[in-house]
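Below is one structure, written out as structure tokens; comments come after it.
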Amino acid sequence: MGWIFKRSLRRSRLSRWSWQRRRGAAKKCAGSSQVCFEVLAMGGGHWIRGIVDEIIKRGDERIVIHTGKTPSGPIHIGAEREQFICSAIQRELESRGLESTFNFIVDSYDPIKSIPAGLQVPKGFEEELGKPLSSVPDPFGCHNSYAYHFADEFIKCQPRFGLSPNIVYTHELYTKPAMKDAIRTVLTKLDQLKAIRRKYLHLPEEDGTADDWNPVMAVCEKCGKIALMKNEVVPNKIDSWDLEKDALSYTCSSCGHKGQGKISDLSLKLSWRVDWSAKWAVFRVTCEPAGKDHCVKDGAYDMGLEVCQEIFGYRGPLRVSYEWLTLGEHAMKTHKGITFTPAEWLKIAPPETLRYLILGADPMRHISFLPERIPDIVDNFDRIERIYYGIEVPPSCNDLEHLKDLYKLCVIDKPRESAPARLPYRFAATIVQLEPVMGRDKVLAKSLEYAARLHGKSSLSDYEAADVSLRLSVAANWISLYAPSQAKFKISTGELDIRITDEVERKFVTSVANLVEGNLSETDLQNRIFESARALGIETGKAFSVLYRILIGSERGPRLAPLLLALDRDWVVKRLKSTIE
RNA sequence: GGGCCUGUAGCUCAGUACGGUAGAGCGAUGGGCUCUUAACCCAUUGGCCAAGGGUUCAAAUCCCUUCAGGCCCGCCA
């Protein structure tokens, strides 16, 4: 009998730091013979603690944490939700002195069902549909297969996000004796399995003779396909088998080939609900998170647990269900080409901030992510970092324990001894736009100086300096790829149609032009501009916006003196004067 | 049709387990600052807590109904 880990959303929201766990009376789930417990976290801290309490309570000999993904195309950041939950479980276990194994199952043996929208593939690629992903060529030509290409793209990001699971490819796994045995078990207990399946799919009860379903699929030796992909998926059917002789025959639904051979030699696979259970049993999985789509009543997880128990004799893993991470309002769909990959995240934001986005939210909450909100996310991460180190006080003292836990789960390595000096993302996004005029070195130097000054340090450690540099480069990418127009500015080099008519403003612009010609230092120039504005009786805010309009066509802008000094002096003077002619 | 989840300020979300003055950040507005790298500080603004009903001295919170959105109920993963 599988244990169901039912997390009641209403009772487990992120910021109820003062959670309690209550072991409710066991209650029967309607329509299922399984027992549900409402598991609530006890005490303060992060929700991961409640999950780990449950894991420990199982008393498994070895703790095995699983995640899985089918590399049917680019793997998006939603898949990281599962990865990070596992990573967080592992860290929490570690902090309690417990070791665990973390496997990432790449379902490379699944057939390719469609070609994701927007993916450039060679001509005639449709011919590959129905083959296992592991034997479909890589359309980019850089990996041994389609499966490897997309799996690797995802996997190679993982160490940067602070995790390194063991990778298991199912096309390799299925050659192992343990999986062959699982297939033999399935064939032995086929009638029992059919009955379970009929129950979950709400099919009418039958005597079983008319039900010719069989979860064992064979890869055709002739055409290499495991299923026919037309309007629907038609798997290659098993015609007969003889377990005494370990023999099996099949018909290919694509090319019609009839093949036969030994179970130990043929390329066989189980269809997915049974496949999932078989893997749970083979690896003795303690816990596997799954998307809420699989976790609904009588869904794949429910059925999988029963199959695992009844057919394979293992009670199955603890379920942790999680909601989708959407791109704004849109669910990410690999086959529709709506994706945002971990690699894209790393281009525009520091890695720990994705952990923050995902682990900061209760698993059962939607996370709606939009790339233009990256600065908020990074700022919020910086804020919990300051709270962790006691530099800032959280709005409510109840938050403290949760936020400290959360911070520890987000940092890539271990928290440092003291708060690292960070360059604010918004600062980075601004100054980086001056790179064309200031040059990369000067931008970096200014940024290092600013980060040090903000944190009251005279110099930065190597780690801090590297982080400042990283933030500059991700902010630059964000500006060019995702920043909304109000975050961007451009030196307006084109013809100006601004004419300053107000007499006082004309005087102000003239005096600034003179100041720029005067070869002043940065601080002097900045101060003199203010003095000049005040002397003329213009509001300083208004005075500055006049200058920003002339230079970058915006009401506001980066600190003015450095901007003026970074630009070509003659050009600035000419430009300022052109507005008052 | 059956089931699960969601709906709180312009935006992102806390608060719902155990009913007790409607919260934060961002934004917007105003003010301040020998004065801004879209900064900072202060203040203000903002909500019929999706709608309706019920229970209660008291409901965002518990119960019922409705509406809107997401997802599952495929021999697919």
Side-chain angles (χ1 to χ4, degrees), chain A residues 6 8-22 24 30-31 38 40-41 68-70 72 107 110-114 133 194 197 200-203 211-215 217 227 229 232-235 237 271-273 275-276 291-302 321 323-324 326 329 331 334 360-362 364-370 373 375-377 379-380 383 394-396 398-399 424 426-434 443 446-447 450 454 486-489 523 526-527 529-531 533-534 540-541 544 548 554-563 566:
Chain A
K6 187 188 177 201
S8 162
L9 183 130
R10 299 192 142 250
R11 295 169 184 149
S12 57
R13 294 270 175 84
L14 155 68
S15 67
R16 183 174 315 116
W17 333 115
S18 57
W19 284 15
Q20 296 178 333
R21 172 183 317 108
R22 186 186 59 177
E38 294 206 334
L40 307 171
K69 187 77 186 102
T70 304
S72 52
D107 288 310
D110 293 351
I112 181 168
K113 292 183 296 182
S114 65
L133 291 157
K194 281 180 185 174
R197 173 178 160 271
Y200 279 93
L201 300 183
H202 306 292
L203 298 173
D211 186 352
D212 64 348
W213 173 77
N214 192 316
M217 307 158 77
M229 298 289 159
E232 52 179 350
V233 180
V234 187
K237 225 173 113 187
S271 78
W272 96 280
R273 288 187 184 203
D275 162 276
W276 209 7
K292 56 124 180 233
D293 48 335
H294 300 326
C295 294
V296 293
K297 188 163 87 65
D298 292 350
Y301 218 114
D302 273 352
S321 96
E323 253 285 0
W324 300 119
T326 59
E329 288 174 358
T334 302
D362 184 284
M364 281 309 290
R365 292 290 296 200
H366 280 275
I367 297 176
S368 161
F369 164 70
L370 286 171
R373 297 213 183 104
D376 284 338
I377 296 165
D379 282 357
N380 287 337
R383 195 168 139 262
S396 151
N398 285 341
D399 301 354
R426 282 169 211 281
F427 177 100
T430 303
I431 197 167
V432 96
Q433 294 179 72
L434 286 175
V443 165
K446 288 271 178 192
S447 301
Y450 184 74
L454 263 187
Q486 67 266 27
K488 298 196 226 187
F489 63 85
T523 0
Q526 184 86 11
N527 285 336
I529 295 169
F530 275 105
E531 284 164 15
R534 212 171 288 121
T540 49
F544 275 76
Y548 286 124
S554 156
E555 291 297 310
R556 290 163 150 201
R559 196 175 150 88
L560 193 59
L563 173 63

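Chain A is the first sequence line, chain B the second, and so forth, proteins listed ahead of strands; every chain is numbered from 1. The structure displayed is predicted, hence computed values, not measured ones. Computed from heavy atoms alone, side chains included, the values below leave out hydrogens, waters and symmetry copies.
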> Excluding sequence neighbours, so at least two apart, what forms ring pair (Phe, Tyr, Trp, His ring centres under 6.0 Å) with A:Tyr450?
Replying inline: A:Phe427
> Mind checking what makes salt bridge (Lys or Arg N to Asp or Glu O under 4.0 Å) contact with A:Lys237, not counting sequence neighbours?
Replying inline: A:Asp212
>> A:Thr70: which residues meet the side-chain hydrogen bond (donor to acceptor under 3.5 Å, both in side chains) condition with it, sequence neighbours left out?
In response: A:Asp110
N/O-N/O pairs, protein side and nucleotides 41-43 of chain B side, under 3.5 Å:
none

> Residues two or more places apart in sequence or in another chain: which of them pass side-chain contact (heavy atoms from CB on, under 4.5 Å) with A:Asp379?
Replying inline: A:Tyr425, A:Arg426
> Of all residues at least two apart in sequence or in a different chain, which pass the side-chain hydrogen bond (donor to acceptor under 3.5 Å, both in side chains) check with A:Asp107?
Replying inline: A:Lys279
For nucleotides 26-32 of chain B, tabulate all protein N/O to nucleotide N/O atom pairs closer than 3.5 Å, reporting atom names and distance.
none

> What residues form a side-chain contact (heavy atoms from CB on, under 4.5 Å) with A:Arg559, not counting sequence neighbours?
Replying inline: A:Glu522, A:Gln526, A:Pro562
> When the distance from CD of A:Glu531 to P of B:U34 is rounded to whole Å, what number comes out?
Replying inline: 12 Å
>> Categorize A:Arg373 for me: base, sugar-phosphate, or nothing, with a 4.0 angstrom heavy-atom threshold over every strand shown.
In response: sugar-phosphate
> Of all residues at least two apart in sequence or in a different chain, which pass the side-chain contact (heavy atoms from CB on, under 4.5 Å) check with A:Ala300?
Replying inline: A:Trp272, A:Arg273, A:Trp276, A:His294
> What does A:Leu201 touch in the nucleic acid at a heavy-atom separation under 4.0 angstrom: a base, only the sugar-phosphate, or nothing?
Replying inline: sugar-phosphate
